[in-house]
Structures are given as C-alpha cells and as structure tokens.
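Working notes for the structure below.
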Amino acid sequence: MLAAKAARGLFKRPRYVPETIAQMDTIGVGSLTIILLTGFFTGAVLTLQTYPTLASYGAQSRTGYLVAISLIRELGPVLTALMITGRVGSAISAELGSMTVSQQIDAMRALGTDPVRKLVAPRIVALVITLPLLTVVADVLGIGGGWLTATGLFGMSSGTFLTSVRDGITTDDIIGGIIKPIVFAVIIGTIACYKGLSTEGGTVGVGRSTTRAVVTGSIVVIITDFFLARALQYLLGMPGA
C-alpha cells in the first residue's frame, strides 16, 4: 500500500525532482565502491572454484560461460540487492525513523506536505533507477574478475574465456538480469521506508527499526528471487521452464 501510494504521488505536483536526484547520488555513487569490490571478487572466486572442476571433465574452456551466466542471472542481482539492503536500506530506515520519533513527520503533515510523496517516493524511484545500473556494474566487474583469475592463475587464453562469455550470454539473460533488480529496488525501498515511518520508542526504536528493515529486506529479496527466477524461466523460455 505504501509503494502504491508513492507511485500515485509521482503523477501529482510537486514532484520533488531535486530530492530524487540527491537520493540517486547517495544510493548510486555512494554505493559504487562496495559494488565494485563485491562484483570483482565474486567473479574471481567463481572462477577459482569452478575451473578445477570443469578441467576434470575437460570443459575448462566453458569457464567464462559459467561465470557470466551465474553472475547475470543470479549472483549479480541478488548480491547487489543484499549489499544495497545493508547499506542503503539501513540508512533510509534510520533517517526516517529519526524524523518520526522527533515528530518531524507530524510537522510536515501539519504544514500540508505529504511525507510519502516527499520522502518515500524519491527514495524508491532513486533505487529503481540506480540498482539496475549497479547490478550491471557488478556483472561487468565480476566477469572481469573471472577473466583475470582464469588468465593469470590458470593460464587460460584471454580469447577462449571471452568467446565463452560471449557465446553464453543471451538477450533473455540480460532482460532477466535487469528485471530482478527493478523488483528488488521496490522491495528494499518500500520495506526500509515502512520500517522507518512506523518507528516507535524513541532512539532505541530507531535502532530496532533499522535492524528489522535490513533483516526483513534481505529475507524478502531472497524469497522473491526464487519466484522471480521461476517466472522468468516460464516467460522468457529459459532452460528449466
């Protein structure tokens, strides 16, 4: 209901564009370092663990394919969403929770400003825009980390790895890899804002709401990932449908 109310507010004036841009900067640019590190080392460890297994079957040339598919379909969207839940979801919940217990939200309502349109909608919109972009960055860096590990540690030729990556990625994989973070963004933003706005019990309640926002957001993202993956298999005709 909170997400629906925020969505309806997007079509009414005022639209709070500066607040949305500020949130995009905080969420997107502010999270770039942690996403770069997460993506790179996820791809690297994937190659480190899978190359010896594939080599035992004589299929080491498919390492790039396995790394790319794992990242784009699953690990990239989910790990990025979990990192953003921990960093951004907690910050949103703490910020709105502090405003709630200090009665700033009540003051906004008294002045005729809708807190959902001014505080919730810009944050959800910023997440919907930046999370898919961060996921793409994590995917690219993950493939780069896999390439570096495969060529530097196992001596695989660069051409073999990149050809395997190119042959393995399909348009459906890319579409699925973009749809997931959009859904995750709505989930993370809605849960974080809801927990923040429903904070009770003073400063102790702020900490409690922040913890609940991160835990609930992470669990819902993981559960939703299963149903999204199955739905995408059915709709896009991926293997397993």
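As a basis for the values below, the full set of heavy atoms in this structure was taken, side chains included, without hydrogen atoms, waters or symmetry mates. Here, residue 1 is the first one in the sequence, and each next residue gets the next number.
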Revision key, fill the gap. Looking only at heavy atoms, the pair that brings Pro77 and Asp139 closest together is CD-OD1, 4.5 Å
Exercise for review: May I ask whether Val45 and Leu37 are part of the same hydrophobic cluster, defined by side-chain heavy atoms of I, L, V, M, F, W, Y residues being less than 4.5 angstrom apart, directly or through others?
Suggested key: no
Practice item. Please assess Ser157 against Thr160 for the test side-chain hydrogen bond (donor to acceptor under 3.5 Å, both in side chains), listing each intermediate value before the final yes or no. Key: CA-CA 5 Å; Ser157 71; Thr160 301; 2.6 Å; yes
Check your understanding: Considering residues, nucleotides and ligands other than Gln104, do more than 12 of their heavy atoms fall under 6.0 Å from its CD?
Key -> yes
Exercise for review: Please say whether the positively charged group of Arg62, taken as NZ for Lys or CZ for Arg, lies over the ring of Tyr65, i.e. under 6.0 angstrom from the six-membered ring centre and within 45 degrees of the axis.
Suggested key: yes
Review point. Where is the tightest heavy-atom contact between Ile124 and Ala6, given as atom of each residue plus distance?
Key: CD1-CB, 4.4 Å
Check your understanding: So which of Val215, Ile187, Ile188 actually passes side-chain contact (heavy atoms from CB on, under 4.5 Å) with Val220?
Key -> Ile187
Check your understanding: With side chains defined as the heavy atoms from C-beta onward, is the minimum distance between Ile105 and Arg109 less than 4.5 Å?
Key -> yes
Practice item. Answer with yes or no whether the hydrophobic clustering places Leu2 together with Val183; edges join I, L, V, M, F, W, Y residues whose side-chain heavy atoms lie under 4.5 Å apart. Key: yes
Review point. Is Val67 linked to Leu153 within one hydrophobic cluster, defined over Ile, Leu, Val, Met, Phe, Trp and Tyr using a side-chain heavy-atom separation of less than 4.5 Å?
Key: yes
Exercise for review: Return the minimal non-hydrogen interatomic distance between Thr135 and Pro181, and the atom names on each side.
Suggested key: OG1-CB, 3.4 Å
Check your understanding: What is the minimum heavy-atom distance between Met99 and Met108, and which atoms define it?
Key -> CE-SD, 4.1 Å
Check your understanding: Is any side-chain heavy atom of Ile72 closer than 4.5 Å to a side-chain heavy atom of Ile169?
Key -> yes
**Study point:** Same apolar cluster: Leu197 and Val204, side chain cutoff 4.5 Å
**Key:** no
**Study point:** Heavy-atom side-chain proximity of Trp147 to Leu162 below 4.5 angstrom
**Key:** yes
Point to revise | More than 12 heavy atoms of other groups within 6.0 Å of Phe154 CZ | key: yes
**Study point:** Reference residue Lys180; test side-chain hydrogen bond (donor to acceptor under 3.5 Å, both in side chains); the match among Thr80, Thr224, Asp225
**Key:** Asp225
Check your understanding: How about Ser209 and Thr199: does a side-chain donor come under 3.5 Å of a side-chain acceptor?
Key -> yes
Review point. Would one find more than 12 heavy atoms of other residues, nucleotides or ligands at under 6.0 Å from atom CZ of Phe40?
Key: yes
Exercise for review: Find out whether Thr63 and Ser164 are in side-chain contact, i.e. whether some heavy atom of one side chain is under 4.5 Å from a heavy atom of the other.
Suggested key: no
Exercise for review: Check Gly28 against Leu134 and note the closest heavy-atom contact, atom names and distance.
Suggested key: O-CD2, 3.7 Å
**Study point:** Pairwise distance OG1(Thr149) to CD(Gln49) - rounded to 0.5 angstrom
**Key:** 11.0 Å
Review point. Heavy atoms, side chains only, cut-off 4.5 Å: are Leu75 and Leu46 in contact?
Key: yes
Check your understanding: Do the non-hydrogen side-chain atoms of Leu119 and Cys193 ever get within less than 4.5 Å of each other?
Key -> no
Point to revise | Side chains of Phe184 and Val78 in contact at under 4.5 Å (non-hydrogen atoms) | key: yes
Review point. What distance separates Leu54 CG from Met156 CE, expressed to the nearest 0.5 Å?
Key: 8.0 Å
Study note, to complete from the structure: Those residues at least two apart in sequence (or on a different chain) that pass side chain to side chain contact (heavy atoms under 4.5 Å, CB included) with Ile222 are Leu82
Exercise for review: Supply the atom-to-atom distance Leu127 CG to Ile182 CD1, rounded to the nearest 0.5 angstrom.
Suggested key: 12.0 Å
Exercise for review: Report yes if some heavy atom in the side chain of Tyr16 is under 4.5 Å from a heavy atom in the side chain of Thr113; otherwise report no.
Suggested key: yes
Check your understanding: Does Thr210 use its side chain to pair, donor to acceptor, with the backbone of Val206 at less than 3.5 Å?
Key -> yes
Exercise for review: Under the side chain to side chain contact (heavy atoms under 4.5 Å, CB included) rule, what do Leu79 and Glu74 come out as? Steps first, then yes or no, please.
Suggested key: CA-CA 8 Å; Leu79 289 180; Glu74 190 63 34; over 6 Å; no
Exercise for review: Verify side-chain hydrogen bond (donor to acceptor under 3.5 Å, both in side chains) between Thr170 and Asp173, making sure each step is shown before the conclusion.
Suggested key: CA-CA 5 Å; Thr170 66; Asp173 294 325; 2.9 Å; yes
**Study point:** Residue pair Ala126 / Ile27: nearest heavy atoms and the distance that separates them
**Key:** CB-CD1, 3.9 Å
Check your understanding: Would Val137 and Leu36 count as a side chain to side chain contact (heavy atoms under 4.5 Å, CB included) if you check the C-alpha gap in whole Å, the side-chain angles of each, and the deciding distance to 0.1 Å?
Key -> CA-CA 7 Å; Val137 171; Leu36 291 173; 3.5 Å; yes
Point to revise | Presence of salt bridge, Arg117 and Glu19, under 4.0 angstrom | key: no
Review point. Are the side chain of Ser90 and the backbone of Arg87 linked by a donor-acceptor contact shorter than 3.5 Å?
Key: yes
Review point. Do Leu228 and Ile223 belong together in a cluster built from hydrophobic side chains that touch within less than 4.5 Å?
Key: no
